[in-house]
Amino acid sequence: MSGNGSRNGSTGTSTNASRGEESGLVRIPHEILAEAEQAGLEAEAKSRSATFFHLNQETVAAKVNELYEGKLEIMDVKAALRRYPWLSDYMWKIVSKDKDEFTKKVADEYSGGYFIRIMPGAEITFPLQSCLMITQRNLEQRIHNIIIAEEGSRAHIITSCLQHSSVANASHLGISEIYVKRNAMLNFTMIHHWSEETLVRPRSAAEIGDGATFVSNYVCVRPVRDVQMYPVAYCRGNDSRVSFNSILYGQRDSLLDIGSRAVLSGRGSRAEMVSRAIAREGSKMIIRGMIEGENPECRGHLECRGLLMDDRSFMQSIPELVATKKGVEITHEAAVGKVSEKEITYLMTRRLSRDQAVSLIIRGFMDVSILGLPEALNAEIKRIISTSAGAG
Amino acid sequence: MAMLEARDITVRVEGRLILKDLSFKLKEGTSHILFGPNGSGKTTLISALMGLPGYEILSGRMFLQGVDITEKGVDERARLGMAISFQNPPEITGVKLGDLLRLCLGKTEAEGFSAEERERIEAFRLTSFLDRDINVGFSGGERKRSEILQLLFLKPKVLLLDEPDSGVDVESLRMIAAEIQRYVESTGSSALIITHKGDILDHVKASYGCVLLDGQLHCFADPTSIYEDIKRLGYEECVACRRRTREGWK
């Protein structure tokens, strides 16, 4: 069962929301929603096809926009397991319980998480949104999420993970298992908005079927104590595709160890990885990427670019390519450097001051168009980046 | 008063003296053509005039409409009305041509282009490039068109153009030259155009030309006649020419 309550002390922002699965965001205090909006949640949820909210150790909202009734399902994963006995087959299928101490902890006890299912052939034009938030001090939030994009479906999911700005110390352990079935397209964008005292350990995997496409975007532009993650995509289907894109801005002594791994076993499967990372103010960033080609007709490319803004920060780029069949074609390019003086001067000849030029280059570097999102989400994420990264 | 005046400037680049006691005055409302063999320092001259880093002014002064700009930085000179087009502009990831054009026009990111501005962009065949990262994957001609359009949108007093005629097709060259000509004439601004091969002379009205040799300007004359001589005799003859004059344009 979920640990319901505040065993570790609360900031006084706990809610009275019922555990009803159809509840929306109305019962969540305004002040909490306002914080979540900073991380991409649309509180009015008008242009979202579904909304999920897990606060501390409790799912407080899970609601499908009536326009999309019957096309998708969203509910707490524990409720979903009660409703659908078959769902247990999807739990711990592609993430191993025994992977590390964090997966073991979540396997031992977790408070919930989202179950999202996009029905066969459904085209969901509005994004689904989910929010996983911590408002309790010293909380160790343990989550298990499952997404199933059924055959031929198309959807965008935006998920915001955050900690209330007044809460100091906390950790978030999140398991996500994502299944993208035959000919489905799923674009999944995760925005992390932690605080300087948060320890974050997501453990995610995706399985991609024949002709299916999975796009995984990760945006982390706020300070965080320590994030380590290395999600993996198994392109098992023929002509399956995966893209991993990340925009990372390390500041104020943040430690980010972020990678992505693609295993290409399907015939004609493809992987593409693009990461842009900026390190400043003593942050330490390790950017990894691995493409494993296991099928002679698979292709992959990995691009990693980093900017180091000062001498106190650290950046390491570790691209890895593994081929086990003749015919595999996988490539990478990686570059770590400073903001180019030539680019700065060029923009200064266009009447920008030096500071304006650097800021424009940094904003450009964290170009949201690499995420392949609809225009509205692009604008939203652009806003988050420019306010959080202070690059405006 | 001259639009731009250089008075005895000596410029050093990476420890080497490139320009020595060089002087000239640019007139208002017209174009000036700067010839010179490869490596003679043409790009150094306009870079030093623009105040780009790495071009050290050891002595001499520069004046824009009588205001001494010798000590001013690149962005200050740009704001005072100096503008430069580059031969090899940098590629900047994620910075869109559209954003840069808006900046040149003094608009914010959110502001759109006016009908007239859109027309200019279209005339420069750059409409489909507005959402592209600046110079990334642009051909030589596309870079040239983008550079010149940015310059015109800046509405400068002085245009410093580095070989606008190299690497462009005839049609683009004609259009670029006509736009420069129109701008210079209608605004009373002043252009200094570097050309290596002289192609631009067929399309731009310029009464003033000179040759950069041995770090100094020579042969202030009608650019067409200079160009004819260069074509006929080559720059070697320029070097040997005894009739070299260092007096400025009349």
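A, B, ... follow the sequence lines: proteins, then strands. Residue 1 opens every chain. What you see is a predicted model; the values in this text were computed from it and never measured.
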>> Are more than 12 heavy atoms, taken from residues, nucleotides or ligands other than A/Glu44, located less than 6.0 Å from that residue's CD atom?
In response: no

>> Looking at every heavy atom in both A/Asp367 and B/Gly94, which two are closest together, and how far apart are they?
In response: OD2-CA, 3.6 Å

> What part of A/Ile370 gets closer than 4.5 Å to chain B, counting heavy atoms only: side chain, backbone, both or neither?
Replying inline: neither

> Where is the tightest heavy-atom contact between B/Leu151 and A/Arg350, given as atom of each residue plus distance?
Replying inline: CD1-NH1, 4.1 Å

>> Which atoms of A/Ser369 are under 4.5 Å from chain B, going by heavy atoms: the side chain, the backbone, both sets, or neither?
In response: side chain

> Around atom NZ of A/Lys382, are there more than 12 heavy atoms of other residues, nucleotides or ligands at under 6.0 Å?
Replying inline: no

>> With chain B as the partner, which of A/Arg354, A/Met348, A/Gln356, A/Lys342 has the greatest number of non-hydrogen pairs under 4.5 Å?
In response: A/Met348

>> Could you report the tightest heavy-atom contact between A/Leu360 and B/Val95, atom names first, then the distance?
In response: O-CG2, 3.6 Å

> Between atom CD of A/Glu343 and atom CG of B/Asn135, what is the distance when rounded to the nearest 0.5 Å?
Replying inline: 10.0 Å

>> With rounding to the nearest 0.5 angstrom, report the OH to CD distance, A/Tyr346 to B/Glu91.
In response: 11.0 Å

>> Can you tell me which of B/Arg77, B/Met50, B/Gln150 forms the most heavy-atom pairs within a distance under 4.5 Å of chain A?
In response: B/Gln150

>> Is it the case that over 12 heavy atoms from other parts of the model lie below 6.0 angstrom from the CD atom of B/Glu111?
In response: yes

> Can you tell me if CD on A/Glu272 sees more than 12 non-hydrogen neighbours from other groups inside 6.0 Å?
Replying inline: no

>> Once rounded to the nearest 0.5 Å, what's the spacing between atom CG of B/Leu100 and atom CG of A/Leu352?
In response: 8.0 Å

>> Walk me through whether A/Leu347 and B/Leu103 qualify under side chain to side chain contact (heavy atoms under 4.5 Å, CB included).
In response: CA-CA 9 Å; A/Leu347 294 174; B/Leu103 283 167; 5.5 Å; no

> Do any N or O atoms from the side chain of A/Arg351 and from the backbone of B/Leu154 form a donor-acceptor pair under 3.5 angstrom?
Replying inline: yes

